[in-house]
Amino acid sequence: MAHLIEIKNATVYRGPHCVFDHFSLTIPQHCNTAILGPNGAGKSTLLKLLFRELYPVYQDDSYVRILGEEQWNVWDLRAHLGIVSHDLQQQYLGTVLGRNVIVSGLYSSVDTPFLHQVNYEEQQRALRVMQTLEILELQNRMFGEMSTGEQRRFLLGRALINDPDTLVLDEPTSGLDLKACFYYLDTIRSLMQRGKVVILVTHHIHEIPPEITRVILLKDGAVLADGEKSAMLTEQNLSHLFDTHIRLAEANGFYQALPG
């Protein structure tokens with residue numbers, strides 16, 4: 001079986017800055033994984049690499065493969081990987097209706113295409129997603145009138161409308177208050193328990209739900225450590241990762257970092 005993500009010897013630049021130098025990473029299918037690292041570790045670059053917004057320097061021994069394939073049409077890729085990110089949230093105009101945020105996932109766009117009439121099948125798919133996420137009553141509200149948590153749920157619905165096997169979540173609770181954070185994490189956990197695979201990219205330890213089984217520690221554009229969650233989330237590892245003394249607390253399968 002092909003790996004979900006396989007990166008080998010990737011050298012990636014953002015402008016003049018080399019973020020990854022012969023970077024390698026493998027994530028198998030059906031493995032709920034957290035990629036944890038401080039700001040500047042390369043998390044955003046990794047996401048752009050996966051979603052074909054950035055490409056590595058061409059080398060004979062270098063590649064980026066998703067499900068064993070190096071070449072993907074974005075229309076086909078969205079049926080396998082769904083992404084929810086802060087960057088995507090910023091791209092939507094405040095006047096876009098909630099239901100159109102959901103439907104726009106079918107077209108990899110921000111809003112439904114100009115002059116496009118949403119057909120019955122698209123309406124039904126959007127309705128099912130909104131019912132699952134309990135946001136049906138918000139479908140006619142403008143995006144700019146929603147709370148950050150409500151916006152995040154609609155973006156999650158945008159990813160889910162293509163029924164992907166895997167969701168890639170970029171710091172999913174960033175900007176949410178405690179109630180919205182807990183609600184959103186419960187939603188993610190419910191999706192995982194129904195069979196969705198989650199790749200969580202974050203610098204927030206509290207975002208890592210109990211269903212995550214593997215953690216990759218990313219620092220300065222390189223994999224610092226990679227393995228089972230219990231072996232990775234230790235005070236020693238996290239203190240090294242974030243360059244500060246950290247004490248770790250655990251409750252109900254969640255972890256929280258405290259000042260050391």
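These values consider heavy atoms only, across backbone and side chains, with no hydrogens, waters or symmetry-generated copies. Because the structure is predicted, anything quoted here is derived from the model rather than measured.
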**Q** Can you confirm whether the side chains of Glu134 and Tyr183 place a donor and an acceptor under 3.5 Å from each other?
**A** yes

**Q** If you measure from the Lys or Arg side-chain nitrogens to the Asp or Glu carboxylate oxygens, is any gap between Asp163 and Lys196 under 4.0 Å?
**A**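 Lys196 and Asp163: salt-bridged.
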
**Q** Would you say that Thr26 contacts Ile7 through its side chain, given a criterion of any heavy-atom pair below 4.5 Å between the two side chains?
**A** no

**Q** For residues Thr202 and Leu36, determine if any side-chain heavy atom of one lies less than 4.5 Å from a side-chain heavy atom of the other.
**A**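 Yes - at least one pair of side-chain heavy atoms lies under 4.5 Å apart.
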
**Q** If only atom types and distance count, is the side chain of Gln151 paired as donor or acceptor with the main-chain N or O of Gln89 below 3.5 Å?
**A** no

**Q** For Arg214, is there an ion pair with Glu228 - N to carboxylate O distance below 4.0 angstrom?
**A**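 Not counted as a salt bridge, because no side-chain N and carboxylate O are separated by less than 4.0 Å.
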
**Q** Apply salt bridge (charged side-chain N to carboxylate O under 4.0 Å, His left out) to Arg14 and list each qualifying residue two or more places apart in sequence or on a separate chain.
**A** none

**Q** Are any non-hydrogen side-chain atoms of Val198 and Thr166 less than 4.5 angstrom apart?
**A** no

**Q** Can a donor-acceptor pair be found, under 3.5 Å and without considering hydrogens, that links the side chain of Thr148 to the backbone of Leu176?
**A**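 Looks like no, no N/O pair under 3.5 Å.
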
**Q** With heavy-atom distances below 4.5 Å as the criterion, would you say the side chains of Leu4 and Leu67 are in contact?
**A** yes

**Q** Is it the case that over 12 heavy atoms from other parts of the model lie below 6.0 angstrom from the CD atom of Gln71?
**A**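 Counting neighbours around CD of Gln71, 12 or fewer heavy atoms of other residues, nucleotides or ligands fall under 6.0 Å, so no.
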
**Q** Can you find a pair of side-chain heavy atoms, one from Phe154 and one from Ile102, that are under 4.5 Å apart?
**A** yes

**Q** Around Gln193, counting heavy atoms of other residues, nucleotides and ligands shown, do more than 12 lie under 6.0 Å from its CD?
**A** yes

**Q** Judged by atom type as modelled, is there a donor-acceptor pair below 3.5 Å linking the side chain of Thr173 to the main-chain atoms of Cys181?
**A**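 Not at all, since once roles are kept as given, no pair shorter than 3.5 Å links the two residues.
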
**Q** Applying ring pair (Phe, Tyr, Trp, His ring centres under 6.0 Å), name anything that partners Phe143, two or more places apart in sequence or on another chain.
**A**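 Counting only residues at least two positions away or on another chain, Phe143 forms a ring pair (Phe, Tyr, Trp, His ring centres under 6.0 Å) with Tyr92.
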
**Q** Does the side chain of Gln59 come within less than 4.5 Å of His22's, by heavy atoms?
**A** yes

**Q** Taking the side chain as C-beta and beyond, is there a heavy-atom pair between Val12 and Asp21 under 4.5 Å?
**A**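 No, side chains not in contact.
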
**Q** Are the side chain of Gln256 and the backbone of His206 linked by a donor-acceptor contact shorter than 3.5 Å?
**A** no

**Q** Does a side chain donor of either Arg128 or Thr132 reach within less than 3.5 Å of an acceptor in the other side chain?
**A**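 Note: Arg128 and Thr132 side chains miss the donor-acceptor criterion.
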
**Q** Okay, side chain of Arg189, backbone of Pro210: is any donor-acceptor separation there less than 3.5 Å?
**A** no

**Q** With no hydrogens and no angle check, is any side-chain donor or acceptor of Thr45 less than 3.5 Å from a backbone partner on Val19?
**A** no

**Q** For Glu121, I'd like to know if atom CD has over 12 heavy atoms of other residues, nucleotides or ligands within 6.0 Å.
**A** no

**Q** Can you see whether His203 engages Glu171 through a side-chain donor-acceptor pair at a distance of less than 3.5 angstrom?
**A**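 His203 vs Glu171: donor-acceptor pair found between side chains.
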
**Q** Ignoring hydrogens and geometry beyond distance, is a side-chain donor-acceptor pair present between Asp61 and Tyr63 at under 3.5 Å?
**A**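 Checked: Asp61/Tyr63 side chains show no N/O donor-acceptor pair below 3.5 Å.
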
**Q** Counting C-beta onward and ignoring hydrogens, is there a side-chain heavy-atom pair between Leu50 and Ile5 closer than 4.5 Å?
**A**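 Result yes, sub-4.5 Å side-chain heavy-atom pair found.
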
